Amino acid sequence: MDTSSKENIQLFCKNSMQPVGRPSFKTEYSSTKDKQPCCSELKVFLGALSFVYFAKALAEGYLKSTITQIERRFDIPSSLVGVIDGSFEIGNLLVITFVSYFGAKLHRPKIIGAGCLIMGVGTLLIAMPQFFMQQYRYERYSPFSNSTLSISPCLLESNNQLPVSVMEKSQSKINNGCVQTVAVIGPIFGFLLGSLCAKLYVDIGFVNLDHITITPKDPQWVGAWWLGYLIAGIISLLAAVPFWCLPKSLPRPRSREDSSSSSEKSKFIVDDHTDYRTPHGEKAKIMEMARDFLPSVKNLFGNPVYFLYLCASTIQFNSLFGMVTYKPKYIEQQYGQSSSKANFVIGLINIPAVALGIFSGGIVMKKFRISVCGAAKLYLGSSVFGYLLFLSLFALGCENSDVAGLTVSYHGTKPVSYHERALFSDCNSRCKCSETNWEPMCGEDGVTYASACLAGCQTSTRSGKTIIFYNCTCVGIAASKSGNSSGMVGRCQKDNGCPRMFLYFLVISVITSYILSLGGIPGYILLLRCIKPQLKSFALGIYTLAIRVFAGIPAPVYFGVLIDTSCLKWGFKRCGSRGSCRLYDSDAFRHIYLGLTMMLGTMSIFLSIAVLFILKKNYVSKQRSFRTKREGTMVSPRIRKENCTTSDHLLQPNYWPGKETRL
């Protein structure tokens with residue numbers, strides 16, 4: 001911040017602390033100079049708040065992008081990863097209700113600054129396990145030779161010798177929607193940061209990368225998941241600095257002093273001036289504010305429109321949170337893409353579509369001055385068309401990869417029933433392989449084998465990081481070969497049609513994200529207009545609390561539990577307990593992931609219909625009846641046509657067009 005900005009802040013702080021009724025000694029100065037401190041401070045506040053939203057959204061987006069990395073690094077199932085993801089919201093539960101209620105009456109900037117400090121420290125703590133745990137281990141043949149090496153996987157294990165384990169440490173128009181837009185931009189950078197970190201080895205900086213024999217496309221690869229949390233934590237700490245320099249309140253701009261309207265965003269500017277009418281040093285009593293807490297809660301939940309919209313939003317966010325949390329995993333397992341690419345396409349394609357949809361919804365609401373009924377219809381319509389289009393994703397899946405003993409038998413027959421799934425066959429019976437190891441090898445017959453040992457390979461050669469296995473007795477049995485087949489380390493690629501299906505999936509996913517997000521601003525305005533002005537801050541706090549408690553926390557958990565039921569091959573930890581899933585049934589995964597999302601979305605649609613029905617019945621009908629009794633036959637045709645618009649005035653006093661769109 002330059003010197004002139006500091007002077008403006010100091011001048012404003014002095015002016016803002018003057019009592020309202022006391023005239024200023026500097027009346028000879030022009031009004032332009034009087035406005036400058038206010039505008040400067042307001043811009044600082046909006047800029048700092050936008051940066052906070054960006055930091056928070058960046059951390060949340062990055063967390064979603066590291067789901068598969070954390071799962072492999074700590075060898076845990078999706079259900080436990082869902083608990084970790086949901087726990088990211090638990091900290092808000094302790095304070096969000098009280099902050100939303102008391103925060104409107106106390107020093108808002110300092111409360112925000114304290115929250116940023118806590119958020120930054122918490123984000124840094126997420127990365128700490130990396131520095132206290134052992135280096136990442138993966139099973140692989142000795143990497144220490146760069147020359148051609150000949151080994152015998154099958155014979156080595158038949159002599160009860162294990163492969164060498166490698167251990168590496170491993171202004172008005174500018175203000176409209178700017179904070180919400182930045183909040184959507186944050187996840188874009190979060191997923192892009194996740195894509196970058198996924199390309200870096202987990203123990204980068206602690207090991208010699210020349211000794212690493214796996215690549216980001218390897219199923220055992222774990223990226224530097226911890227690095228992004230350090231970056232996000234530092235950004236959150238920096239975001240807290242400006243708020244400690246801001247005053248408790250901002251003076252109202254002269255251009256709006258005569259306006260009879262007030263919006264939620266102006267409360268930070270106006271409401272606290274009443275404090276200066278009281279004797280110096282008098283502060284608000286906490287008990288007096290707490291006395292109205294329970295009546296306010298009763299008032300909110302007694303509002304049928306608010307309550308039904310709260311239920312509809314909670315169920316819809318269950319659908320969206322679960323879908324977004326496991327979308328990178330779905331892309332990896334369904335279409336055979338790497339974790340880095342999955343995060344890249346989500347951050348660069350999907351999230352910008354959401355941002356564009358939210359922005360478009362706000363433009364439509366402001367340009368056409370849509371009423372509360374129109375907002376409810378737009379919110380409902382976007383959900384209906386979005387989820388109808390979402391149905392087409394069921395047809396855009398890839399078939400299961402051919403994995404010997406899991407999805408296809410060693411003789412090439414499929415499907416394999418559950419009780420017949422066995423990794424052992426006559427062709428590898430003498431090798432005494434371990435069924436717990438997952439070191440996939442792609443045979444020249446296009447079938448993936450759980451390990452070179454289970455493929456019956458007798459010898460192998462390696463030059464650099466390339467390992468080729470020969471004399472594999474199980475490879476090519478279906479083609480009646482003599483067992484002289486070979487294979488390479490890694491899983492076989494999906495069928496030729498899978499890349500095309502992935503492209504179709506991206507197109508439909510982007511359009512669906514855009515349509516669903518169109519209802520974001522209309523739904524938000526519906527929420528604001530159906531409650532009393534003095535309860536807006538508290539109502540938004542309850543709304544956020546409900547979304548986090550009943551959607552942000554449980555959705556990743558039960559999505560993960562159901563996704564785990566589609567696992568075909570589980571890994572095992574060194575202690576013998578079950579680890580993370582190595583291979584999923586693509587069809588079952590697709591039906592669970594998409595089906596659960598669709599089911600929750602359908603439930604939210606029915607509740608949204610109830611919101612619109614109650615809105616028309618309780619407000620439009622009452623308004624029409626009220627005007628009929630009062631004016632009788634003198635009701636003008638214009639009022640009859642705009643009954644839905646006039647209901648806005650009943651729902652919210654002092655309404656002026658475009659009021660909430662300026663939040």
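In what follows, every heavy atom counts, from backbone to side chain, and hydrogens, waters and symmetry copies are set aside. Everything quoted here is computed from the prediction, not taken from an experiment.
Leu320 contributes atom CG, which lies 12.0 Å from atom CD1 of Ile315 (distance to the nearest 0.5 angstrom). Put simply, OG on Ser296 and CD on Gln534 are 8.5 Å apart, with the number rounded to the nearest 0.5 Å. Atom CD1 of residue Ile511 and atom CG of residue Leu506 lie 11.0 Å apart, to the nearest 0.5 angstrom. To the nearest 0.5 Å, atom OH of residue Tyr309 and atom SG of residue Cys530 are 9.0 Å apart. In this structure, CG on Leu535 lies 10.5 Å from CD1 on Ile542, to the nearest 0.5 angstrom.
Counting only heavy atoms from C-beta outward, the side chains of Ser340 and Ser195 approach each other to under 4.5 Å. Residues Ile553 and Arg548 are not in side-chain contact: their nearest non-hydrogen atoms beyond the backbone lie 4.5 Å or more apart. Side-chain contact between Phe390 and Ile508 is absent, with no heavy-atom pair separated by less than 4.5 Å. Residues Asn303 and Lys532 have side chains not in contact (no heavy-atom distance under 4.5 Å, counting atoms from C-beta outward). Side-chain contact between Phe344 and Ile349 is absent, with no heavy-atom pair separated by less than 4.5 Å. Residues Tyr387 and Ser319 are in side-chain contact: their nearest non-hydrogen atoms beyond the backbone lie under 4.5 Å apart. Between Tyr326 and Ser78 there is a side-chain heavy-atom pair separated by less than 4.5 Å. The shortest side-chain heavy-atom distance between Ile76 and Ile84 falls under the 4.5 Å cut-off.
Under the rule for a ring-ring contact (aromatic ring centres under 6.0 Å, His included), Phe559 has no partner lying at least two apart in sequence or in another chain.
Here the two rings, on Phe74 and Trp225, have centers that are under 6.0 Å apart. Proximity of the aromatic rings of Tyr62 and Tyr229 is defined here by a centroid distance below 6.0 angstrom, and this criterion is met.
At least one donor-acceptor pair under 3.5 Å links the side chain of Ser517 to the backbone N or O of Tyr514. A donor-acceptor contact shorter than 3.5 Å is absent between the side chain of Tyr306 and the backbone of Leu527. In terms of modelled atom types and a separation under 3.5 Å, the side chain of Ser313 and the main chain of Leu310 share no donor-acceptor contact. No donor-acceptor distance shorter than 3.5 angstrom exists from the side chain of Arg73 to the backbone of Val222, with no hydrogens or angles considered. Without hydrogens or angle criteria, Asn343 side chain to Leu193 main chain gives no donor-acceptor distance under 3.5 Å. Without hydrogens or angle criteria, Ser338 side chain to Lys341 main chain gives a donor-acceptor distance under 3.5 Å.
Ser236 and Thr123 share no side-chain donor-acceptor pair at under 3.5 Å. For the residue pair Ser383 / Gln316, a side-chain donor-acceptor distance below 3.5 Å is found, with atom types taken as modelled.
A salt bridge links Glu60 with Lys56: the closest approach of a Lys/Arg side-chain nitrogen to an acidic carboxylate oxygen falls below 4.0 angstrom.
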Asn299/Ile531 under side chain to side chain contact (heavy atoms under 4.5 Å, CB included): CA gap, chis, key distance, verdict:
CA-CA 9 Å; Asn299 194 319; Ile531 53 180; over 6 Å; no

Output, in order, the C-alpha distance, side-chain angles, deciding distance and verdict of ring-ring contact (aromatic ring centres under 6.0 Å, His included) for Phe317 and Phe321.
CA-CA 6 Å; Phe317 274 102; Phe321 282 153; 5.5 Å; yes

ring-ring contact (aromatic ring centres under 6.0 Å, His included), that's the test. Do Tyr543 and Tyr524 meet it? Break it down for me.
CA-CA 10 Å; Tyr543 175 81; Tyr524 188 73; 7.7 Å; no

Please walk me through it: do Leu378 and Met365 pass side chain to side chain contact (heavy atoms under 4.5 Å, CB included)?
CA-CA 9 Å; Leu378 184 57; Met365 291 295 298; 4.2 Å; yes

Pair Phe54-Phe189, ring-ring contact (aromatic ring centres under 6.0 Å, His included): steps then yes or no:
CA-CA 9 Å; Phe54 172 81; Phe189 287 89; 5.6 Å; yes

Please evaluate residues Leu237 and Leu124 with respect to the criterion side chain to side chain contact (heavy atoms under 4.5 Å, CB included), reporting the C-alpha separation (whole Å), side-chain torsions for both, the decisive distance (0.1 Å), and the verdict.
CA-CA 10 Å; Leu237 293 177; Leu124 293 175; 4.0 Å; yes

Verdict with supporting geometry, Ile204 and Trp226, side chain to side chain contact (heavy atoms under 4.5 Å, CB included):
CA-CA 11 Å; Ile204 185 173; Trp226 51 273; 4.3 Å; yes

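Using bins of under 30°, 30° to 60° and over 60° for the plane-to-plane angle, the ring pair Phe45/Phe243 lands in the perpendicular bin.
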Ignoring hydrogens and angles, write down the donor-acceptor pairs under 3.5 Å from the side chains of residues 112-122, residues two or more places apart or on other chains.
none

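Nearest heavy-atom pair, Lys64 versus Phe191, reported as atom, atom and distance to 0.1 Å: CB-CZ, 3.6 Å.
Each salt bridge (Lys or Arg N to Asp or Glu O under 4.0 Å) pair with one or both residues in residues 312-330, not counting sequence neighbours, appears once here: Glu71-Lys329.
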